Structure formats: structure tokens, C-alpha cells
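Being a predicted model, the structure only gives us computed values, none of them experimental. Because only heavy atoms are used, hydrogens play no part in the values below, and waters and symmetry mates are left out as well, while side chains stay in.
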Amino acid sequence: EKQALAGQDKGFLKEFLAVFWPESAHLQLTEHQQSSLFQMTAIAHKAAGNVALMQDCFEQLLGDPVELAYESMSNSLPVETAFVPLGEAALGVDTVIAAPSMEDQTLCLKISIGPLASEKMGSYVPNAKSRKIVDFLCGMLIPIELDWGLELVTSQSTEVCL
């Protein structure tokens, strides 16, 4: 482990990642990124849900400026047909739907990456290398009950949401 932390044992690092993060094999990580992931493993339990630590982990593995912030978002459920009044429901089942229950206020983690040059934007499209790393880190660090959204910021301060 000492040799791996000092960067002297590449074999151990590959074996470690294969055991603990088998899904990282398809990420095509550089040696530096593999070493960073190895070090993140030790603090992942502390970083999960902690915005400052998660931001550091994202920046370390992606190599781009990252800003994380919680924001409240409203999820409205689609209603295709009007509900019948109480006592007139089909099949004899009464249905009561209150307007507030149709909108659910949830907390969302907004991941802003950038400013990015236009050449770098392509690596964040779905199934590209950097986007795979973002998805991997979200699975590792963001609590499962928390929604997240990705926002790419160009060098000219225009935002692209994915």
C-alpha cells in the first residue's frame, strides 16, 4: 500500500481498482486518475453528500473546474385526463387528488463544470470519456435518494444543460 500511494507499484493499483471498482475499467483512466481514485476510496464514505469534498473529488478526477450546489426543483406529475369528482369515479372507486400533491418539491444537486473551451465540450456528451467519469463519480459519491443535473459552462459564460 505504501508503494501504491507513492506511485511505485502500478500492478497493485490495477488489482485494487479491479477488485473495488470493476466498473472503472471502461473509463480509460490515466495513471494519475487511477491514483486519485485509489485515494478517493479511503474518503468516499466521508465525501458522500459533503459538497466541498465531492467537489474536490470531481475536480481531481476530471481535471476541470467543478462547482456543486444544492437547488430546489419542482417535479410536476403529468396529468393526461381530468379527474372525476368524488363519488363519480370509474369502476366504483373514489379518487381524490389534491392540487398540492401533484407538485413535489425535491432537492437536486447541480453539477456545474467549466468554464470549458469548445474543444473540451465534446468529452461531456453522453457516453464520452469525461461524461462516463461524471456518471461514475455520481454513483460513488451522491446519495441515491438525491437527484442531480449536469450543467456545462462555456468560456463565454453561456450554459449548456445536459
### Query
Are E67 and E59 close enough, and set up right, to give a side-chain contact (heavy atoms from CB on, under 4.5 Å), and what steps lead you there?
CA-CA 9 Å; E67 184 179 328; E59 286 181 347; over 6 Å; no

### Query
Between the main-chain N or O of E31 and the side-chain N or O of S35, is there a donor-acceptor pair closer than 3.5 Å?
no

### Message
Within the structure provided, determine whether I43 and C57 are in side-chain contact (heavy-atom separation under 4.5 Å).
### Response
yes

### Query
Are L137 and L53 grouped together when hydrophobic residues (ILVMFWY) are joined by side-chain heavy atoms under 4.5 angstrom apart?
no

### Query
Given I133 and L29, is the side-chain contact (heavy atoms from CB on, under 4.5 Å) satisfied, shown in steps?
CA-CA 9 Å; I133 294 172; L29 299 175; 3.8 Å; yes

### Short side-chain to backbone donor-acceptor contact, E151 and I111, under 3.5 Å
no

#### Entry: Pairwise side-chain contact, I113 with V134, heavy-atom cut-off 4.5 Å (strictly under)
yes

## Note on the structure
Closest non-hydrogen atoms of S36 and L61, given as atom of the first, atom of the second and distance, are CB-CD1, 3.9 Å

### Task
Keeping the roles fixed (side chain from Q33, backbone from T30), state whether a donor-acceptor pair exists under 3.5 Å.
yes

### Query
Yes or no on side-chain contact (heavy atoms from CB on, under 4.5 Å) for L109 and L68, after CA distance, side-chain angles and deciding distance?
CA-CA 7 Å; L109 182 68; L68 302 180; 4.2 Å; yes

### Task
Please identify each residue that fulfils salt bridge (Lys or Arg N to Asp or Glu O under 4.0 Å) with K120, with sequence neighbours left out.
D64

### Closest non-hydrogen atom pair between L37 and M140, with its separation
CD1-SD, 4.0 Å

### Summary
In short, M121 meets L152 closest at the heavy-atom pair CE-CB, 4.0 Å

### Query
If two hydrophobic side chains count as joined below 4.5 Å and joins carry through other members, does F136 share a cluster with L146?
yes

#### Entry: Distance-minimising heavy-atom pair for G122 and A128
O-CB, 3.5 Å

### Task
Show your reasoning for whether side-chain contact (heavy atoms from CB on, under 4.5 Å) applies to K110 and S112.
CA-CA 6 Å; K110 181 178 161 186; S112 299; 3.6 Å; yes

### L141 reachable from F20 in the ILVMFWY side-chain graph, under 4.5 Å edges
yes

### Message
Could you check whether any side-chain heavy atom of F58 comes within less than 4.5 Å of a side-chain heavy atom of P65, counting everything from C-beta outward?
### Response
no

### Message
Can you tell me how far apart CG (L150) and SG (C138) are? Round to the nearest 0.5 Å.
### Response
7.5 Å

#### Entry: side-chain hydrogen bond (donor to acceptor under 3.5 Å, both in side chains) partners of residues 41-53, not counting sequence neighbours, each pair once
W21-T41

### Message
Are V66 and D56 packed together at the side-chain level, in the sense that at least one heavy-atom pair is separated by less than 4.5 angstrom?
### Response
no

### Query
With distance as the sole test, does K129 use its side chain to make a donor-acceptor pair with the main-chain N or O of L27 at under 3.5 Å?
no

#### Entry: Nearest heavy atoms of Y124 and R131, plus distance in Å
O-CB, 3.6 Å

